[in-house]
2 protein chains.
Amino acid sequence: MEFDAKTPIYYQIEQYINREIIIGHLRPGAQVPAVRQLAITLTVNVNTIQRALANLIGAGILVPERGKGNFVTTDQKVLGKMKQSMIEGEFKALYDHLAALELSPEEMTTAFAQYVQTQQGGERHE
Amino acid sequence: MEFDAKTPIYYQIEQYINREIIIGHLRPGAQVPAVRQLAITLTVNVNTIQRALANLIGAGILVPERGKGNFVTTDQKVLGKMKQSMIEGEFKALYDHLAALELSPEEMTTAFAQYVQTQQGGERHE
DNA sequence: ACTAGTGTACTATTTATCTATTACACTAAG
DNA sequence: CTTAGTGTAATAGATAAATAGTACACTAGT
């Protein structure tokens, strides 16, 4: 996996797992891959995985069972809040930065719409 | 100034100065505030300011003149590229994350438009 | 019991970031 | 020439993030 060098890896892993849950690759009640397996998959140290999972456990998103593994919570309230704050966070980051560039709300939406357009046709991956 | 704890301060200062240039608070040829002054204003160490400025100088956005100060370049080509990459970078971050959430392009634009709407009425700052 | 697969804990080491402090070099004004 | 204002360099120390490696604890299947 590719990481942004300017943000902590453990944090990026938290986001990644959250996304996997939102998408449905990890369903409520499902077991998260073993820490040692995740470490290999994400080419990262076990301790870094552990730190990310610890945060997710603290947030109630994952539920640990010693000797068995970590499992996605079945608490829909927790999952709903997580999804909400994930998306809101993404939007807020862009909104704040564009606001700092003194773009009007209309300019923001149209500019972003235009960008999405450019990504449509030109999705070349080499 | 407020900094995000999860990204290097020097990098956030680079972005901040870029935005000041884009907005027009710092015009081409204008002198950037003195490093010691910036350190006080941004409540940050001089070395951190220096590191940010060094990167901007390396990018050709700022031009240093020993004993006099740092000045915004008058090279419109450089400034144009900077502005372009700043905005593109913002858009790309949101686009990639929403794509990871498997949103369609239409959903992205409408969802962001809706978010901007919510920011319209509710801009309470207390 | 044994074993393989889980999570968990701990220490040590490296690297990047940030701070603090001091010193030096150049420019312009008096 | 002196001084105040600039940038610049260099050292030392503190903290956070990530790695490496080892060890321990619990669970389930044999």
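Here is the naming used below: chain letters follow the sequence lines, and residue numbers restart at 1 for every chain.
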- In whole angstroms, the gap separating C1' of C:dT19 from CG of B:Leu42 amounts to 15 Å
- Task: Report yes or no: does A:Ser85 contribute a side-chain atom to a donor-acceptor pair with the main-chain N or O of A:Met82 at less than 3.5 Å?
- Result: yes
- Message: Using 0.5 Å steps for rounding, measure from the CD atom of B:Gln114 to the OG1 atom of A:Thr109.
- Response: 12.0 Å
- Task: Would you kindly compare A:Lys6 and A:Gln50 by the position of their nearest DNA chain C nucleotide and give the one closer to the 5′ end?
- Result: A:Gln50
- Query: Between A:Tyr115 and B:Phe91, how do the two ring planes meet: parallel, tilted or perpendicular, split at 30° and 60°?
  - Reply: tilted
- Interatomic distance where CD1 belongs to A:Ile49 and P belongs to C:dT8 [whole Å]: 13 Å
- Query: If we only count heavy atoms from C-beta on, is the B:Tyr95 to B:Glu88 side-chain gap below 4.5 Å?
  - Reply: no
- Contact span of DNA chain D against chain A, any nucleotide atom under 4.0 Å from a heavy atom, 5' to 3', runs D:dA17 to D:dA28
- When the distance from CG of A:Leu38 to C1' of C:dG5 is rounded to whole Å, what number comes out? 14 Å
- Begin with the C-alpha distance, continue with both residues' side-chain angles, and end with the deciding distance and a verdict on side chain to side chain donor-acceptor pair (under 3.5 Å) for B:Thr41 and B:Gln37. CA-CA 6 Å; B:Thr41 305; B:Gln37 182 55 50; 3.2 Å; yes
- Task: Round to the nearest Å and state the distance from B:Tyr11 atom OH to C:dC18 atom P.
- Result: 13 Å
- Message: Within the 4.0 Å heavy-atom criterion, would you say A:Val44 contacts the bases, only the backbone, or no part of the nucleic acid?
- Response: sugar-phosphate
- Query: Roughly how far, to the nearest 0.5 Å, is CG of A:Leu79 from NZ of A:Lys77?
  - Reply: 12.5 Å
- OP1, OP2 of C:dC18 versus side-chain N and O of B:Tyr10: anything below 4.0 Å? no
- Item | Donor-acceptor contact present, side-chain A:Gln12 to main-chain A:Thr7, <3.5 Å | yes
- Map A:Asn45 and B:Lys68 onto DNA chain D by nearest heavy atom, then report which one ends up closer to the 5' terminus. B:Lys68
- To the nearest angstrom, the CZ-P distance between B:Arg36 and C:dA20 comes to 15 Å
- Message: Any base atoms under 4.0 Å from A:Asn70, or only sugar-phosphate, or nothing? Heavy atoms, all strands.
- Response: sugar-phosphate
- Query: Expressed in angstrom and rounded to an integer, what is the separation of A:Glu65 atom CD from C:dT8 atom C1'?
  - Reply: 15 Å
- Message: From CD of B:Gln31 over to P of C:dC26, roughly how many Å is that when rounded to an integer?
- Response: 19 Å
- Query: Could you give the CZ-to-C1' distance, from B:Arg51 to C:dC18, as a whole number of Å?
  - Reply: 9 Å
